[in-house]
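Report on the structure given below.
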Number of protein chains: 2
Amino acid sequence: MAETLTINRKEQIMQVAARLFKNKGYEATSMRDIAAELGIEAASLYHHIKSKEEILTAICFDMANRFVTALKEVNDIYFNAEERLRMAIQYHVQISCDYLDATAVFLNEWRSLPEPSLSEFKKMRDSYEKQFRIIVKDGETEDIFDNVDEKFAALTILSSVNWIHQWYKADGNMNPSQISKKLADIIIGGIRKKLITDPHYKP
Amino acid sequence: MAETLTINRKEQIMQVAARLFKNKGYEATSMRDIAAELGIEAASLYHHIKSKEEILTAICFDMANRFVTALKEVNDIYFNAEERLRMAIQYHVQISCDYLDATAVFLNEWRSLPEPSLSEFKKMRDSYEKQFRIIVKDGETEDIFDNVDEKFAALTILSSVNWIHQWYKADGNMNPSQISKKLADIIIGGIRKKLITDPHYKP
DNA sequence: ATTTGCCTACCAAACGTTAGGTAAAATGGC
DNA sequence: GCCATTTTACCTAACGTTTGGTAGGCAAAT
């Protein structure tokens, strides 16, 4: 979550919670843990938030909306499949790096969402994944991508980008733009149509 | 875990626990949950196992050893980097599919391991990842792989194979061998050296 | 005077686990 | 095969601790 000069207590709670949820897991993080990080008592958190579940729900749906909105933008601005895929990966990587903690929570802790949020979340996630499938399918139609199983390709793409929260460091030697370019190169290189004149190519 | 005709109670506990840990998470799964699945009382579990943590530790280290052993075999049997990488992916995929529940626990629940198991686990995991890096590096030396950042490539490879537990179904339309071949094709296709005669290639 | 944001005290429920007991199964001697 | 003894695998009851959360109070800020 983006840093501002002064943030209110609720926002502090969300940020600390996201960090602790990422590192320990939602279930293993107590309200007393969160409060201690903020230098207050657990009961005081309830002045600002309704419940522990409210925190998790907010983090997960905030991230879901970011990813969905970014992908919509990609589809609105770009037209050919390779560009869309590159940009989709780039946006996804950028958001993941900008919101590392919340992304980790989004990816790993949704199982603890209460119903009906859980079902709703799964729908959003499935819809997001389907968009990647459509892009791959369009690439095949445009004769630029191999005839891969587009569900498989989409899952592979998403799985490779969804691990960044485990190793990315803002002060590391790769920035989000470089990461997304390298990732896109590998993935797109892997699903792009090959010519038989390529002596390294084995069908 | 492989199915045998009759398994003892301890093995039943491990299997049920792995399934529940995968679906609900370790922390959110109580001993009463596990016992209920087996039709007994939670206190009865302690006749067969020492503690909840013992279950998690056993699952995680059992899987770690499987992956490590398989990779060692790959390195002993195969010699060129592409073959090693293909086989490493194949073994990894096969094990993941054979032990879906335990793999998910291995990948997602290690954070709850007690010390010193946690530190030991991280070492094993880092060592396993380093082996993938060596394979990629060797491929560059053999002039078959692009000059990619081998840490990045290894992480990308592992991230793409480590999502299978989320969507693989034994009765689906792809078996582990097909999955590993497709995955290896995409990944290796993505990191393989390209010729400038390839008209689709943009440096 | 009212609002805000914290505190302390407390609650009911849930947790992993221990201890003692008992019935059924297994074992070994005859 | 029978029987006494031992072992096994469960049960109930209970423990100490932790959890998410409520309620009332108070001091500082508005």
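Just so we're on the same page: letters track the sequence lines, and every chain starts at 1.
A:Arg111 and B:Glu109 are joined by a salt bridge, as a carboxylate oxygen and a charged side-chain nitrogen come within less than 4.0 angstrom of each other.
When rounded to the nearest whole Å, the span between CD1 of B:Ile40 and C1' of D:dT12 equals 14 Å. Remark: P of C:dG16 and CD of A:Glu27 are 11 Å apart, rounded to the nearest angstrom. Atom-to-atom, CD of A:Glu54 to P of D:dG20 comes out at 15 Å; the value is rounded to the nearest Å. Whole-Å rounding puts the A:Ile49 CD1 to D:dG20 P distance at 10 Å. Atom CD1 in A:Ile13 sits about 8 Å away from atom P in C:dC6, given to the nearest Å. Regarding A:Tyr26, its OH atom lies at a distance of 9 Å from the C1' atom of D:dG20, rounded to whole Å. Spacing between atom NZ of A:Lys50 and atom C1' of D:dT22 amounts to 15 Å, rounded to whole angstrom units. To the nearest angstrom, P of C:dA19 lies 13 Å from OH of B:Tyr46.
Residues B:Ala102 and B:Ala18 share a closest heavy-atom pair of N-CB, 4.2 Å.
Among the heavy atoms of the strands, none lies under 4.0 Å from A:Ala42. Within 4.0 Å of A:Ser30, counting heavy atoms only, lie sugar-phosphate atoms of the nucleic acid but no base atom.
Between A:Arg9 and C:dT4, a side-chain N or O to OP1/OP2 separation shorter than 4.0 Å is absent. For D:dT8, the OP1/OP2 oxygens have no side-chain nitrogen or oxygen of B:His48 closer than 4.0 Å.
Checked against C:dA9, C:dG16, C:dA19, the side chain of B:Ala43 finds its nearest nucleotide in C:dA19. Checking C:dC15, D:dC10, C:dA9 against every side-chain atom of B:His47, the shortest atom distance belongs to D:dC10. Taking only side-chain atoms of A:Met31, from C-beta outward, the nucleotide of C:dC6, D:dG21, C:dG16 with the closest atom is D:dG21.
The residue among A:Ser44 and A:Arg32 whose nearest nucleotide of DNA chain C is located toward the 5' end is A:Ser44.
Between the CD1 atom of A:Ile187 and the OG1 atom of B:Thr156 there is a distance of 7.0 Å, given to the nearest 0.5 Å. Atom CG of residue A:Leu113 and atom CZ of residue A:Phe61 lie 6.0 Å apart, to the nearest 0.5 angstrom.
Ring geometry, B:Phe67 versus B:Phe106: the interplanar angle falls from 30° to 60°, so the pair is classed tilted.
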